[in-house]
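One structure is given here, and the rest of the page talks about it.
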Amino acid sequence: MILARTFYRRAAPLVARDLLGCLIVSRRGRTVTAGLIVETEAYLGPDDAASHAAFRPGSHPLFYGDGGFAYVFPAYGLHVCLNAIVEPAGRPGCVLLRAVEPVTGVATMARRRGVPADSRRIASGPGNLCRALGVTLAHNGSDLTRGALTIGPRPAGGELRVSCGRRVGITRAVNRRLRFWITDNAYVSKL
DNA sequence: TAGCTGATTGACT
DNA sequence: GTCAATCAGCTAA
């Protein structure tokens, strides 16, 4: 099961919230790694000073493109961050994936990260998440509805308790409450 | 061409 | 709490 593109053609905060609990799947050759999304942040258009759409023109082709594609960018030269582009073509917006709870290929993710397999920090944080799932800049612009990197709907389960608050790790527009996470989940990057 | 910045992380005081 | 690693893309000249 894979989320349809229509899922992504909505406002960023809505998609960010609905992505919580969904399953992101990464395939590298025969190796499959997957995890439940437990923490996201929404980024808007030029009005949102923290959004790359506002200060990174190079991101515009993807930001203003159709939803359901991956936007991967390098941060501080060392790390990469994974986003899902949202909103229909012509409208900017994306959702940053900040943390996942490992489900499949846990040993592989732990090895990529160099931490014990039972660590809660395997994929907590945008940079760690990408390393654990093997996401690189080569995934930039790839289609999230097919291919090596896909996101599936939330596995059947009970109620999901969601918290929201200020975004973290940014230096602009900090006050917007556009960060969403699963309440009390041990794998979120920050409390 | 040189200098600066950042949606980070991990190591260290 | 501080700090360095490291780079694409922007800005100023």
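First the proteins, then the strands, lettered A, B, ... as listed; each starts at 1.
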Could you work out which one of dG10(B), dA8(C), dA7(B) sits closest to the side chain of P74(A)? dA8(C)
If you check the P126(A) side chain, which of dA7(B), dT9(B), dA5(C) turns out closest? dT9(B)
Using side chain to side chain contact (heavy atoms under 4.5 Å, CB included) as the criterion, point out the one residue from L3(A), I24(A), V25(A) that pairs with T150(A). V25(A)
Are any side-chain N or O atoms of R131(A) and backbone N or O atoms of R113(A), one a donor and one an acceptor, separated by less than 3.5 Å? no
5'-most contact on DNA chain B: R172(A) or L129(A), nearest heavy atom basis? R172(A)
Can you tell me the Watson-Crick or wobble partner of dG6(B), both distances under 3.5 angstrom? dC7(C)
Length of the CZ-P vector between F73(A) and dG6(B), whole Å: 13 Å
Under 4.0 Å, counting only non-hydrogen atoms across every strand here, what does N83(A) touch: a base, just sugar-phosphate, or nothing? base
For a quick check of understanding: with a heavy-atom distance under 4.0 Å over all strands, which category does C94(A) fall into, base, sugar-phosphate or nothing? base
Report yes if some heavy atom in the side chain of N83(A) is under 4.5 Å from a heavy atom in the side chain of L97(A); otherwise report no. no
Roughly how far apart, to the nearest Å, are [N] and [M] at atom [atom1]?
N      : M      : atom1 : result
dG9(C) : dT9(B) : C1'   : 22 Å
dT5(B) : dC3(C) : P     : 15 Å
dC4(B) : dA4(C) : P     : 14 Å

Kindly say whether the aromatic ring centers of F73(A) and H52(A) come within a distance under 6.0 Å. yes
Does R56(A) have a side-chain nitrogen or oxygen under 4.0 Å from the phosphate oxygens OP1 or OP2 of dT5(B)? no
Are Y76(A) and dA5(C) stacked, counting the six-membered base ring, centres under 5.5 Å, planes under 30°? no
